[in-house]
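Comments concern the structure below.
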Amino acid sequence: MLKVDNGTLMGQPQLGGGLERWVERHLRILMLAPTVLILLALTIFPSIYMFYAAVHKISPNPDLPWEFVGSGNFARLLSDGQFHVALRNTIIFTVSAVTVEFLLGLGLALLLDKYIRRLTFLKTVLMIPMMLPPIAVAITWKIIYEPQFGVLNEIMFRLGLPLQAWAGDASLAMFSIIVADVWQWTPFMFLLMLAGLASLPVEPYEAAALDGASSWRQFWDLTLPFLKPVIAIALLLRVMDALRLFDLVFVLTGGGPADRTKVLSLYIYQVAYRFADTGYAAAISLFVLFATIILSTWFMKRMRLAE
């Protein structure tokens, strides 16, 4: 005979209590499980597959087995002229774009630091380019650069200047892509620098002003040292993102003309899908991954040593 306790059968609280205790003991695991599963599905398993594919020659025919080549795909990087071109273009773009974005972002932040409270709408306006999807930015600038009916050439015509092919000119194509990227990501630098300036202590500047330090001396001796952590994070994030550039190049130039704008991400895409050489594309991807990790580690160490 089961006795009734508070309106329930005697055995039910025991089962429920055991289940509750089990849930309490494993609550952390249960809460982390969805995140771990998503991480496994979207990051860990694809990474393992990429490592495995990088040491194999993969035939476009799915019925043929994969051929193990060891470091053969990585050895190809040394003699692949197209890879060298893509690497050079990626470095040129990254250094140029990130440098301009940092200088413009810092300059705008310094200029508007004292007046930004009166111009709060400006932050919203400046955020618009960085909030747009990259493909939308690329299409917008493709229309701007259009040789016949583009806005930029219309302005050139009205100013009496010669019309340009912009994205179709070998000497201007990389410049055109850099301009579009600067337009999109300078607001990112501006907002980070502005946040850094807002967090600076006031006392050192008051003491420097009493000592007669000029604005330039205050900037060089106080502002820059205080902003180093913010600058390091901003540059690191932008460099990592710039190394993965794809959308702008794919839409604006397709890597041309004459491979002047072919970057590593586009070359990986071409090798994998146009030439159906998945193993070699995986090897290039790993090169970019390791280069980014090494560059990031070196950069952070340099910033810590400079403190």
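For the numbers below, each heavy atom of this structure counts, side chains included, while hydrogens, waters and symmetry mates do not.
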Any idea which heavy atoms bring [X] and [Y] closest together, and the distance?
X      : Y      : value
Pro257 : Ala173 : CD-CB, 3.6 Å
Ala97  : Val182 : O-CG2, 4.1 Å
Pro204 : Leu222 : O-CD1, 3.7 Å
Ala180 : Leu248 : CB-CD2, 4.0 Å
Gln164 : Asp169 : OE1-OD2, 4.2 Å
Val251 : Ala138 : CB-CB, 3.6 Å

Quick check against the 3.5 Å criterion: does [X] have a side-chain atom that pairs as donor or acceptor with the backbone of [Y]?
X      : Y      : answer
Ser71  : Phe74  : no
Tyr145 : Ser176 : yes
Thr94  : Ile91  : no

Quick one: sort the Tyr205 and Phe226 rings into parallel, tilted or perpendicular, breaks at 30° and 60°. tilted
Please answer: with hydrophobic residues joined when any side-chain heavy atoms are less than 4.5 Å apart, are [X] and [Y] in the same cluster?
X      : Y      : answer
Leu103 : Leu191 : yes
Met50  : Ile48  : no
Leu243 : Val95  : no
Ile177 : Tyr269 : yes
Leu192 : Leu104 : no

I want to check something: taking the side chain as every heavy atom from C-beta on, are [X] and [Y] in contact at a cut-off of under 4.5 Å?
X      : Y      : answer
Gln270 : Gln82  : no
Phe149 : Ile143 : no
His56  : Asn73  : no
Ser296 : Leu236 : yes
Thr90  : Leu245 : no
Tyr267 : Leu87  : no
Gln148 : Asn153 : no
Met156 : Trp166 : yes

Before you tell me yes or no, could you show the steps for Ile231 and Met193 under side-chain contact (heavy atoms from CB on, under 4.5 Å), namely the whole-Å CA-CA distance, both residues' side-chain angles and the distance that decides it to 0.1 Å? CA-CA 7 Å; Ile231 292 173; Met193 295 300 106; 4.0 Å; yes
Give me each pair satisfying salt bridge (Lys or Arg N to Asp or Glu O under 4.0 Å) with a member in residues 133-151, each pair once, sequence neighbours excluded. none
Would Val263 and Phe246 count as a side-chain contact (heavy atoms from CB on, under 4.5 Å) here? Give the steps. CA-CA 8 Å; Val263 292; Phe246 178 81; over 6 Å; no
Spacing of [atom1] belonging to [X] relative to [atom2] belonging to [Y], to within rounding of 0.5 Å:
X      : Y      : atom1 : atom2 : value
Glu67  : Ser59  : CD    : OG    : 10.0 Å
Leu252 : Thr261 : CG    : OG1   : 8.5 Å
Leu111 : Leu194 : CG    : CG    : 11.0 Å
Leu224 : Phe219 : CG    : CZ    : 4.0 Å
Phe83  : Ile268 : CZ    : CD1   : 8.5 Å
Thr223 : Arg217 : OG1   : CZ    : 12.0 Å

Would you please test Trp185 and Asp241 for side-chain contact (heavy atoms from CB on, under 4.5 Å) and show each step? CA-CA 10 Å; Trp185 291 112; Asp241 189 57; 4.0 Å; yes
Less than 3.5 Å apart, which donor and acceptor atoms pair up between the side chains of residues 272-295 and the rest of the protein, not counting sequence neighbours?
| from | atom 1 | to | atom 2 | distance (Å) |
| --- | --- | --- | --- | --- |
| Asp277 | OD1 | Tyr280 | N | 3.4 |
| Asp277 | OD2 | Arg76 | NH1 | 2.8 |
| Tyr280 | OH | Asp80 | OD2 | 2.5 |
| Ser285 | OG | Ala281 | O | 2.9 |
| Thr292 | OG1 | Val288 | O | 2.7 |

After noting the C-alpha distance and the side-chain angles of Val137 and Trp141, does the key distance pass the side-chain contact (heavy atoms from CB on, under 4.5 Å) rule? CA-CA 6 Å; Val137 174; Trp141 280 94; 3.7 Å; yes
What I want to find out is whether Asp181 reaches Arg238 closely enough, with some N-O distance under 4.0 Å, to be called a salt bridge. yes
Which residues pass the ring pair (Phe, Tyr, Trp, His ring centres under 6.0 Å) test with Trp220, sequence neighbours left out? Trp216
